[in-house]
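Proteins get letters first, then strands, A, B, ... in listed order; numbering begins at 1 in each.
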Amino acid sequence: MLELIRSPWPWYIAGPLIGLMVPALLIMGNKIFGISSSLRHICAACVPGNISFFKYNWKLEAWNLFLVAGVLIGGFLAYRFLWNPNEIKLNPRLIQSLQQSGITHFDGLLPKDLFSFPALMTPRGLIFMLLGGFLVGFGTRYAGGCTSGHSIMGLSNLQLPSLVATVCFMAGGFIMTNLILPLLLKL
Amino acid sequence: MQLKETTMQKTLLNTNTDFEVRSLDSMCINESEIRHPWWHNLKYLAVGIIFGIILVKSEVVSWFRIQEMFRLQSFHMYGVIGSAVATGIISIQLIKKFGIKTLYGEPIAIHPKRFNKGQIYGGLLFGLGWALTGACPGPLYALIGTGAYVIAVVLLSAIAGTWVYGLVRDKMPH
């Protein structure tokens with residue numbers, strides 16, 4: 001049984017489990033599944049400035065901060081106790097293409113060439129980590145949600161705005177990966 | 001004290017005419033009138049832990065898996081998101097059909113999302129960032145948990161991005 005849990009989970013197990021987050025949070029207390037709101041609550045709690053967008057009683061949304069704290073702990077538990085590092089199988093075409101762009105690390109969850117503390121001093125690292133993170137924070141709030149809030153929660157509730165948002169998430173991702181990323185990897 | 005807070009919240013809700021803000025963050029509208037002690041939030045911590053484990057075990061947190069998705073080199077991510085949405089749709093239909101209530105006996109209410117241009121512009125910007133970092137907000141937290149501490153820098157940058165959005169939001173097209 002533990003062996004089964006330690007091997008990678010296929011999409012048809014992971015997907016439905018993620019979908020169950022939606023009714024679980026609704027039933028627990030009318031909570032709408034969403035992760036990116038936590039970024040707004042952190043701003044409201046720590047650096048509201050004089051910005052009306054951050055002037056609200058964030059303590060009423062504390063549940064969301066508990067949720068994301070849980071995600072962090074869950075990441076730790078899964079990696080520490082349930083991880084089998086030999087079993088990430090990547091598409092050979094991806095490896096080949098990234099190798100041509102000078103990526104050398106394919107073990108683990110991130111390419112260390114791009115994501116590491118030393119890489120923070122390189123133009124590539126700055127773009128992938130700082131600019132990338134900034135776009136995630138700015139874009140999700142501008143769009144009013146992320147993959148959780150729009151693509152999972154919103155689509156589950158058959159919301160047309162969420163479909164628009166999801167299509168745009170994907171469009172942005174395709175543009176970056178196929179048109180811009182090859183240039184950035186040359187830096 | 002608790003009563004006072006509730007009344008304040010009610011007044012806030014009634015006098016807030018900035019519907020755009022509230023429609024951007026429907027979790028604000030969906031506020032329950034019931035106030036609980038803080039430890040009631042521990043159940044959301046538990047849900048988060050499960051979510052974090054799923055994200056790591058299904059390799060959704062892998063930068064490489066996101067690359068495969070955007071290069072159409074693997075079905076995995078499409079399967080995850082697709083089956084998650086299917087499960088969510090069925091769950092919400094069942095909740096509506098049987099009028100299932102919350103643990104505290106309140107009716108479950110989900111406010112509809114309103115369309116605004118932010119879903120297009122913001123969506124595109126997030127998409128660009130998603131492909132760069134290989135992570136949406138959930139995986140950012142999970143990755144830090146796996147010991148990829150440098151992702152804390154990415155998360156701080158995402159918080160900065162949210163903050164700047166708050167700063168310039170009146171000037172952005174919505």
Might you point out which heavy atoms bring [X] and [Y] nearest each other, and give the distance in Å?
X: Pro137(B); Y: Ser36(A); answer: CG-CB, 3.9 Å
X: Leu90(A); Y: Phe64(B); answer: CD2-CB, 3.4 Å
X: Pro112(B); Y: Gln159(A); answer: CA-OE1, 3.3 Å
X: Phe66(A); Y: Leu42(B); answer: CE2-CD2, 4.0 Å

[X], part contacting chain A, at a heavy-atom distance under 4.5 Å:
X: Leu128(B); result: both
X: Met77(B); result: neither
X: Ile108(B); result: both
X: Leu55(B); result: side chain
X: Ala46(B); result: neither
X: Tyr78(B); result: side chain
X: Leu143(B); result: side chain
X: Pro139(B); result: neither
X: Ile66(B); result: neither
X: Leu167(B); result: both

What residue, out of [options], has the most heavy-atom pairs lying under 4.5 Å from chain A?
options: Gly138(B), Ala84(B), Ser74(B), Ala131(B); result: Ala84(B)
options: Val60(B), Ile159(B), Leu156(B); result: Ile159(B)
options: Gly134(B), Gly88(B), Ala135(B), Ala158(B); result: Ala158(B)
options: Val47(B), Ile81(B), Ile144(B), Ile50(B); result: Val47(B)

Any side-chain heavy-atom pair of [X] and [Y] under 4.5 Å:
X: Trp9(A); Y: Ile53(B); answer: yes
X: Cys136(B); Y: Ile35(A); answer: no
X: Trp63(B); Y: Leu114(A); answer: yes
X: Phe138(A); Y: Thr162(B); answer: no
X: Ile110(B); Y: Met153(A); answer: yes

Are Tyr165(B) and Phe53(A) close enough that their ring centres sit under 6.0 Å apart?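 Yes.
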is_close_aromatic(Phe33(A), Phe51(B)), centroid dist under 6.0 Å: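 So the answer is yes for these two rings.
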Please determine, by modelled atom types, if [X] and [Y] share a side-chain donor-acceptor pair under 3.5 angstrom.
X: Tyr141(B); Y: Ser38(A); value: yes
X: Lys101(B); Y: Asn30(A); value: no
X: Arg71(B); Y: Ser97(A); value: yes

In terms of heavy-atom proximity below 4.5 Å to chain B, should [X] be classed as side chain, backbone, both, or neither?
X: Val22(A); result: side chain
X: Leu158(A); result: side chain
X: Leu181(A); result: side chain
X: Ile42(A); result: side chain
X: Met28(A); result: both
X: Ile51(A); result: side chain

For each of Pro48(A), Pro10(A), Gly34(A), Ser116(A), tally heavy-atom pairs with chain B at distances under 4.5 Å, and name the one with the top tally.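 Top option by heavy-atom pairs under 4.5 Å: Ser116(A).
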For the pair Trp163(B) and Arg141(A), evaluate side chain to side chain contact (heavy atoms under 4.5 Å, CB included) and give the outcome as yes or no after the intermediate values. CA-CA 9 Å; Trp163(B) 192 84; Arg141(A) 203 69 275 121; over 6 Å; no
Which class fits the ring pair Tyr142(A) and Tyr121(B): parallel under 30°, tilted 30 to 60°, perpendicular over 60°?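 The rings of Tyr142(A) and Tyr121(B) sit tilted, inter-plane angle from 30° to 60°.
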What verdict does the side chain to side chain contact (heavy atoms under 4.5 Å, CB included) test give for Leu132(B) and Leu184(A), after you've listed the backbone C-alpha separation in whole Å, the side-chain angles of each residue and the deciding distance to 0.1 Å? CA-CA 10 Å; Leu132(B) 274 178; Leu184(A) 294 178; 3.6 Å; yes
Do the side chain of Lys113(B) and the main chain of Ser162(A) share a donor and acceptor less than 3.5 angstrom apart?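 Not confirmed, Lys113(B) side chain does not pair with Ser162(A) backbone.
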Can you list everything that forms a salt bridge (charged side-chain N to carboxylate O under 4.0 Å, His left out) with Lys112(A)? Sequence neighbours excluded, please.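 Testing Lys112(A) for salt bridge (charged side-chain N to carboxylate O under 4.0 Å, His left out), a comparison that skips the adjacent residues, returns Asp107(A).
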